[in-house]
Chemist: 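Below is one structure. I have some questions about it.
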Amino acid sequence: MAILSRDGYIRLTVESFQQLEMVHLFSGIDEDRPIASGVGANSSTITGYTEWVSHGTPAISIGWDWEVTGAQGKARLIQTGTPGSNLMFVDQHGQDLGPAQTTAMLVDWLNTFHWQTETLSTISR
Amino acid sequence: MNIISGTADSLLGTYRQVAAYRHKVFVENLGWDLHAPDGLEQDQFDRPDTVYVVARDDEGEVCGCARLLPTTHPYLLSEVFPQLLNGAIPPNSPEIWELSRFAALDFNSPNQSPLRQMSSDIAIDLLQGAIDCASKHGAKRLITVSPLGIERLLRNAGFKAHRAGPPMRVDGHLIFASLIEVGE
């Protein structure tokens with residue numbers, strides 16, 4: 001069970017985290033970001049955000065930005081920037097790995113996590 | 001631009017300008033449903049002990065504001081949005097101050113948008129000013145309720161911050177609680 005620390009972090013090992021199920025909370029398109037375009041470019045970029053949580057309280061909360069890329073006529077979402085979360089990964093001795101390493105490990109996890117279908121489905125509604 | 005801070009009493013007439021500026025930003029531009037008679041936006045957390053951080057342009061016009069409250073007394077998050085704390089009891093510590101009513105919208109500058117306000121130089125200077133001011137009052141951390149988009153901007157500007165729990169939709173706006181490190 002996740003335990004909330006007084007500083008707002010939920011501390012756990014990456015192995016414990018990988019055993020949890022993350023469920024979709026919100027996704028949306030950025031409505032107030034300039035559409036990316038360059039001189040002579042014909043393309044525009046759609047960007048947005050997606051939020052995921054673990055079950056129960058306290059909940060692990062992770063959110064990240066994405067943008068749409070098109071390849072072979074098919075829209076695909078790719079994660080951009082760095083995710084925000086209330087997670088602090090710890091080592092086997094319970095020592096904090098720090099925000100930078102936690103974020104880097106979350107990005108690695110995101111590369112294995114299938115979030116695109118649910119997000120695309122939500123923003124398409 | 002210069003940044004000043006103090007209580008309503010010590011800011012004298014500037015406090016009224018801040019309340020009018022808040023009305024312009026939060027009620028007129030962002031459409032928040034706030035009690036704001038006479039074109040002044042203020043609530044029960046605007047008390048004699050509340051500390052304001054104010055950015056003024058070269059003409060003396062308010063172009064940014066922030067409100068600091070010690071968590072040892074009632075504050076916005078503890079009284080109105082405790083559900084954003086992920087089941088935790090709202091902090092009550094002289095080392096944690098709440099930052100609220102943060103705005104950095106220069107109405108004398110073209111192409112301003114309230115939702116992009118945190119990407120401006122004013123916003124970054126104002127937030128740093130609020131952190132410095134809170135530090136002088138003994139804070140080691142700020143807690144704040146913000147629109148979700150602020151998280152991205154805090155990170156891009158290099159502030160050390162993390163969310164305190166999942167975002168929630170309130171009155172159509174996605175908001176979340178975050179903790180910002182004040183440091184030494």
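Letters A, B, ... are given to chains in the order of the sequence lines, protein chains preceding strands, and every chain is numbered from 1.
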Chemist: Does any heavy atom of chain A fall under 4.5 Å from the side chain of B:Leu174, the backbone, both, or neither of them?
Modeler: side chain

Chemist: Run the salt-bridge test on B:Arg163 and A:Glu51 with the 4.0 Å N-O cut-off and return the result as yes or no.
Modeler: yes

Chemist: Same cluster or not: B:Ile175 versus B:Leu85, using hydrophobic residues (I, L, V, M, F, W, Y) connected whenever any side-chain heavy atoms lie under 4.5 Å apart?
Modeler: yes

Chemist: Check for me, please, whether B:Val18 and B:Leu69 land in the same ILVMFWY cluster - side-chain distances under 4.5 Å, paths through other members count.
Modeler: no

Chemist: Considering residues, nucleotides and ligands other than B:His73, do more than 12 of their heavy atoms fall under 6.0 Å from its NE2?
Modeler: no

Chemist: Using heavy-atom distances under 4.5 Å, tell me whether B:Ile89 contacts chain A through its side chain, its backbone, both, or neither.
Modeler: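 Interface part for B:Ile89: neither.
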
Chemist: Look only at the side chain of B:Asn86 and the backbone of A:Ala59, and say whether a donor-acceptor pair between them is shorter than 3.5 Å.
Modeler: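 Judged by distance alone, yes, a pair lies under 3.5 Å.
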
Chemist: Indicate if B:Val170 and B:Leu76 have the same hydrophobic cluster label, given that clusters are the connected sets of ILVMFWY residues with side-chain heavy-atom separations under 4.5 angstrom.
Modeler: yes

Chemist: Go through A:Trp64, A:Trp52, A:Tyr9, A:Tyr49 and name the one with the most non-hydrogen pairs under 4.5 angstrom from chain B.
Modeler: A:Tyr9

Chemist: What part of A:Ile62 lies closer than 4.5 angstrom to a heavy atom of chain B: side chain, backbone, both or neither?
Modeler: backbone

Chemist: If you count heavy-atom pairs under 4.5 Å between each of B:Ser93, B:Ala177, B:Pro166 and chain A, which one has the most?
Modeler: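 Option with the top pair count is B:Pro166.
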
Chemist: Does the pair B:Arg152/A:Asp30 count as a salt bridge with the N-to-O cut at 4.0 Å?
Modeler: yes

Chemist: Would a distance-only check, ignoring hydrogens and angles, find a side-chain to backbone donor-acceptor pair under 3.5 Å from B:His162 to A:Met88?
Modeler: no

Chemist: In Å and rounded to the nearest 0.5 Å, what is the CD1 to CG distance from B:Ile143 to A:Asp7?
Modeler: 10.5 Å

Chemist: What are the two closest heavy atoms between A:Thr57 and B:Gly87, and how far apart are they?
Modeler: CG2-CA, 4.0 Å

Chemist: Side-chain heavy atoms nearer than 4.5 Å, only ILVMFWY residues, links allowed to pass through others: does that put B:Leu105 and B:Leu34 together?
Modeler: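 In one cluster: yes.
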
Chemist: Quick one: of A:Thr82, A:Leu25, A:Val53, who has the most non-hydrogen atom pairs under 4.5 Å with chain B?
Modeler: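 Going by pairs under 4.5 Å, I would pick A:Thr82.
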
Chemist: Under 4.5 Å heavy-atom distance to chain A, tell me which part of B:Arg141 shows up: side chain, backbone, both or neither.
Modeler: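 When you check distances to chain A, only side chain atoms of B:Arg141 fall under 4.5 Å.
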
Chemist: I'd like to know whether CZ of B:Arg47 has more than 12 heavy-atom contacts from other residues, nucleotides or ligands below 6.0 angstrom.
Modeler: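 Buried by this count: over 12 neighbours within 6.0 Å.
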
Chemist: Heavy-atom count around B:Asp171 CG within 6.0 Å, excluding the residue itself: above 12?
Modeler: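 No, the 6.0 Å shell around CG holds no more than 12 heavy atoms from other groups.
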
Chemist: Check whether B:Leu84 and B:Phe45 end up in the same hydrophobic cluster, where Ile, Leu, Val, Met, Phe, Trp and Tyr are linked by side-chain heavy atoms less than 4.5 Å apart.
Modeler: yes

Chemist: When only pairs under 4.5 Å are counted, which of B:Arg169, B:Arg155, B:Glu151 shares the most heavy-atom pairs with chain A?
Modeler: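 Among B:Arg169, B:Arg155, B:Glu151, the one with the most close pairs to chain A is B:Arg155.
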
